[in-house]
Protein chains: 2
Amino acid sequence: MSANSRLTIAAHALAWIGLYQRQGHEVATSEQIATSANTNPVVIRRLLGELRRAGLVESRRGVGAGWSLARELGSMTLLDVYEAVEPGPLFAMHRTTPDQECVVGYGIQPAMQGIYEDIEETLRHELARVTLANVLRDVLAAPR
Amino acid sequence: MSANSRLTIAAHALAWIGLYQRQGHEVATSEQIATSANTNPVVIRRLLGELRRAGLVESRRGVGAGWSLARELGSMTLLDVYEAVEPGPLFAMHRTTPDQECVVGYGIQPAMQGIYEDIEETLRHELARVTLANVLRDVLAAPR
DNA sequence: GCTTGTTGCAACCTTCGCTGTTACGACTGC
DNA sequence: GCAGTCGTAACAGCGAAGGTTGCAACAAGC
């Protein structure tokens, strides 16, 4: 499906900030998170920017600046993160309009639309069942 | 998510063949299906080739050749089609291994793996609830 | 056996989204 | 004013999807 890692990296960043704050720190820098995720700080800033627009994190600028959680990890679900970083639908329709003179070409899009909406609703429901606190708990539960 | 239209086009092709056979025809050509889906015959042949490998359709060569269903539409589900045309996972992990010295970097992949597996299982279950006969019924139910 | 219509498949191109990178302005604590 | 950090634009590299062309393989009918 040409899957991307945006949800994974966003969850990584949130778990990292959450743990860091639990350890008494105020803010985390994109540099620190990028090191943990083994990527570029700009990639982290872009993703966290989308999470900020969704109200999940806050940022401060200037010296000693960085990122902090806007809410408790326990009140944040993977659905919140998914909707913040994945705008489009899961399945795409035809790239060009199918033949409207053909019975199948005419009816296929409304048919699939309805089916896809049901499926995406179920997906959202599943994503909403997992909080970021669950994620961090699972992260810390990994055997050494 | 950079969604693709492979599942949509595959369902379109199967519904088209199914309806065509219901009308008394033996086989459908990739040319006919491509016209209905408004795309290139080679794209259809590629997709149907994957469905053939999955045992959903059969093809004949030579003059008067084309494609036919290998099973009833009612015994085929969107999950069968999905697994035939979408090999990869829904969500990707990090492109590079995260920092194994970091607690989060070490535990994030097993944590997300478990979560993603549950979600994909739910997705598969939903896809399995829809047969291609359901799809064709919905297609024909579209108001003119 | 020849012709014809169709699949099978390789090769190539274009487009697009994701990711990575550099650069630099904006901001703020000291 | 300096230093550290975010905000964001710009660009390149990469890979997947989709479109297109070309041609070999095949089989039905004559």
Side-chain angles (χ1 to χ4, degrees), chain A residues 1-10 12-13 17 20 25-35 37-53 57-68 70 84-98, chain B residues 1-10 12-13 17 20 25-35 37-53 57-68 70 84-98:
Chain A
M1 163 83 72
S2 77
N4 63 47
S5 60
R6 298 166 69 79
L7 184 59
T8 303
I9 303 293
H12 186 143
I17 299 172
Y20 199 57
H25 302 275
E26 286 245 339
V27 297
T29 69
S30 59
E31 175 73 34
Q32 295 171 312
I33 301 167
T35 299
N38 194 14
T39 181
N40 193 291
V42 176
V43 173
I44 299 297
R45 290 208 286 269
R46 279 202 287 244
L47 269 175
L48 287 180
E50 294 173 41
L51 298 184
R52 171 161 39 86
R53 262 166 250 132
V57 299
E58 289 165 350
S59 65
R60 291 210 309 251
R61 304 173 80 168
V63 172
W67 303 84
S68 55
V85 303
E86 297 282 0
L90 200 53
F91 302 109
M93 283 297 146
H94 309 62
R95 304 181 72 173
T96 58
T97 307
Chain B
M1 161 85 71
S2 78
N4 64 45
S5 61
R6 298 166 69 79
L7 184 59
T8 303
I9 303 293
H12 185 144
I17 300 172
Y20 199 57
H25 303 275
E26 286 245 339
V27 297
T29 69
S30 61
E31 175 74 34
Q32 295 171 312
I33 301 168
T35 299
N38 194 14
T39 181
N40 192 292
V42 177
V43 174
I44 299 298
R45 291 209 283 270
R46 280 203 283 243
L47 269 175
L48 287 181
E50 294 174 40
L51 298 185
R52 185 192 39 217
R53 261 167 251 131
V57 299
E58 290 165 350
S59 65
R60 292 212 306 251
R61 306 174 77 169
V63 172
W67 303 83
S68 54
V85 303
E86 297 283 1
L90 201 51
F91 302 108
M93 283 298 146
H94 308 63
R95 303 181 71 176
T96 57
T97 307

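Naming convention: chains lettered A, B, ... in sequence-line order (proteins, then strands); numbering from 1 in each chain.
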Does CZ in B/Arg60 sit with more than 12 non-hydrogen atoms of other residues, nucleotides or ligands closer than 6.0 Å? no

Using heavy atoms to find the nearest nucleotide of DNA chain D for B/Arg6 and A/Ala65 separately, return the residue whose nucleotide is more 5′. A/Ala65

Side chain A/Ser30, main chain A/Ile44, donor-acceptor under 3.5 Å: no

Can you tell me the distance, in whole Å, between the CZ atom of B/Arg61 and the C1' atom of D/dA27? 9 Å

Pairwise distance CZ(B/Arg46) to CG(B/Asn40) - rounded to 0.5 angstrom: 8.0 Å

Please check: side-chain N/O of B/Ser2 versus main-chain N/O of A/Asn4, any donor-acceptor pairing under 3.5 Å? no

Just how far, in rounded Å, is C1' of C/dC18 from CG of A/Leu7? 15 Å

note: B/Glu26, atom CD; C/dT6, atom C1'; distance rounded to Å ~ 15 Å

Any residue in residues 40-52 of chain A with a heavy atom nearer than 4.0 angstrom to DNA chain D? Just list them by number, or reply none. A/Val42, A/Arg45, A/Arg46, A/Arg52

Ignoring backbone atoms, establish whether A/Ser30 has a side-chain N or O less than 4.0 Å from OP1 or OP2 of D/dC6. yes

On DNA chain D, more 5' by nearest nucleotide between B/Ser5 and A/Gly66 is A/Gly66

Nearest-angstrom distance from the residue atom CD of A/Glu58 to P of D/dC6: 15 Å

Under 4.0 Å: is that the gap between some side-chain N or O of A/Thr39 and OP1 or OP2 of C/dG20? yes

Indicate yes or no for a side-chain donor-acceptor contact from A/Ser5 to the backbone of B/Ala92 under 3.5 Å, with no hydrogens or angles considered. no

Report the distance from atom CD1 of B/Ile9 to atom P of D/dG18, rounded to the nearest whole Å. 7 Å

Output the single nucleotide from D/dA17, D/dC6, D/dA25 whose closest atom is nearest the side chain of A/Trp67. D/dC6

Tell me: CZ of A/Arg60 to P of D/dA3, nearest whole Å? 21 Å

Mind listing the closest non-hydrogen atom pair of A/Ala28 and A/Ile33 along with its distance? CB-CD1, 4.3 Å

Closest-nucleotide ordering on DNA chain C, the 5'-leading residue of B/Glu31 and A/Asn4: B/Glu31

Identify which nucleotide among D/dG7, C/dT6, C/dC18 has an atom closest to any side-chain atom of B/Arg95, counting heavy atoms from C-beta outward. C/dC18

To the nearest 0.5 angstrom, please state how far the NE2 atom of A/His12 sits from the CE atom of B/Met93. 11.5 Å

Any side-chain N or O of B/Ser2 under 4.0 Å from OP1/OP2 of D/dA17? no

